[in-house]
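Report on the following structure.
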Amino acid sequence: MERLFLIFLAAFLINNILLIRFIALCSFFGVSTNFETSIGMSMAVVFVMTMASAVCWGVWRFVLEPMGVGEFLYIPAFILVIAALVQFVEMVIKKVSPTLFKAMGIYLPLITTNCAVLAAATESVKPGFWKLSLQYNYTLGESLVHTVGVALGYSLVIIMFAAMRERITIAPIPRSMRGFPISFIAAGLSSLAFLGFKGLFGI
């Protein structure tokens, strides 16, 4: 239980995918202009990221690794899995719940190109570039805990930043600093704040 807690905390807060690892910044700045839009994007990312990591875990353990081709084919294989999963989810939601599809449909195709999904899936089954102070070789349960932590960390930051940007638009700031310049400064300050969690519980 302690290991699961540390895996979740590391993925959610200490190694936050947006403000500490700086992955998926395109969607971060592109979608965080509106509070409601950021919530829709967050819901879609949580669902697709969790499903993608579970499927990629199985593809790695039962197909790529036994065949000895994982090191060479894992990226195209995972991209294929994510793209197929996003298309499948889009069709299911459109058929089962047109209302939900109308609310989320615009974000679902964009998730295929969201590098956060690929990064979470890769880190869950073939760790390397995050360098956590934890022993890797995740089980399926640990992989899902890690992915949920990453997805919720993404959601926390993008919703928080969307609320912040809505306040910034009505703030009395110089004309030359409006828009992306002040947004980049706010993101940098937020990242410095998250650095304060570094080393928590030895992670």
Could you grab the distance from atom [atom1] of [X] to atom [atom2] of [Y], nearest 0.5 Å is fine?
X    : Y    : atom1 : atom2 : result
F35  : I158 : CZ    : CD1   : 11.5 Å
T139 : W57  : OG1   : CH2   : 7.0 Å
S190 : I185 : OG    : CD1   : 11.5 Å
L19  : L189 : CG    : CG    : 11.0 Å
N16  : I23  : CG    : CD1   : 10.0 Å
L156 : F12  : CG    : CZ    : 4.5 Å

- Please list, chain by chain and in numerical order, all residues satisfying side chain to side chain donor-acceptor pair (under 3.5 Å) with S183, sequence neighbours excluded.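 S183 satisfies side chain to side chain donor-acceptor pair (under 3.5 Å) with R165 only.
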- Please name all residues satisfying side chain to side chain donor-acceptor pair (under 3.5 Å) with S143, sequence neighbours left out, ordered by chain then number.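 With sequence neighbours excluded, S143 shows a side chain to side chain donor-acceptor pair (under 3.5 Å) to no residue whatsoever.
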Tell me the closest heavy-atom pair linking [X] and [Y], and the distance in Å.
X    : Y    : result
I20  : L13  : CG1-O, 4.5 Å
I82  : V117 : CD1-CG1, 3.7 Å
A186 : M164 : CB-SD, 3.9 Å

- Message: The criterion is ring pair (Phe, Tyr, Trp, His ring centres under 6.0 Å); which residues satisfy it with F184, sequence neighbours excluded?
- Response: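 Here the qualifying residues are F29.
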- How far apart are the C-alpha atoms of I14 and L9, what are their side-chain angles, what is the distance that settles it, and do they pass the side chain to side chain contact (heavy atoms under 4.5 Å, CB included) test? CA-CA 7 Å; I14 299 172; L9 188 65; 4.1 Å; yes
- Indicate if V81 and M91 have the same hydrophobic cluster label, given that clusters are the connected sets of ILVMFWY residues with side-chain heavy-atom separations under 4.5 angstrom.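 Hydrophobic grouping puts V81 apart from M91.
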- Query: Given the rule that I, L, V, M, F, W and Y join up when any side-chain heavy atoms are under 4.5 Å apart, are L118 and L80 in one cluster?
  - Reply: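 No, no single cluster joins them.
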Anything under 3.5 Å between a donor and an acceptor, one on a side chain of residues 169-182, the other on a protein residue two or more places apart or in another chain? List them.
unit_1: T169; atom_1: OG1; unit_2: E166; atom_2: O; d: 2.7

Please list every donor-acceptor pair under 3.5 Å in which a side-chain atom of residues 43-50 meets a protein atom from a residue at least two apart or in another chain.
unit_1: T50; atom_1: OG1; unit_2: V46; atom_2: O; d: 2.7

- Message: Check for me whether the distance between the ring centres of F194 and F197 falls short of 6.0 Å.
- Response: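 Close enough - the centres of the two rings lie under 6.0 Å apart.
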- With sequence neighbours excluded, what pairs up with L64 under the side-chain contact (heavy atoms from CB on, under 4.5 Å) test?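 Partners of L64 under the side-chain contact (heavy atoms from CB on, under 4.5 Å) test: V59, W60, V69, L73, Y74, A77, F78.
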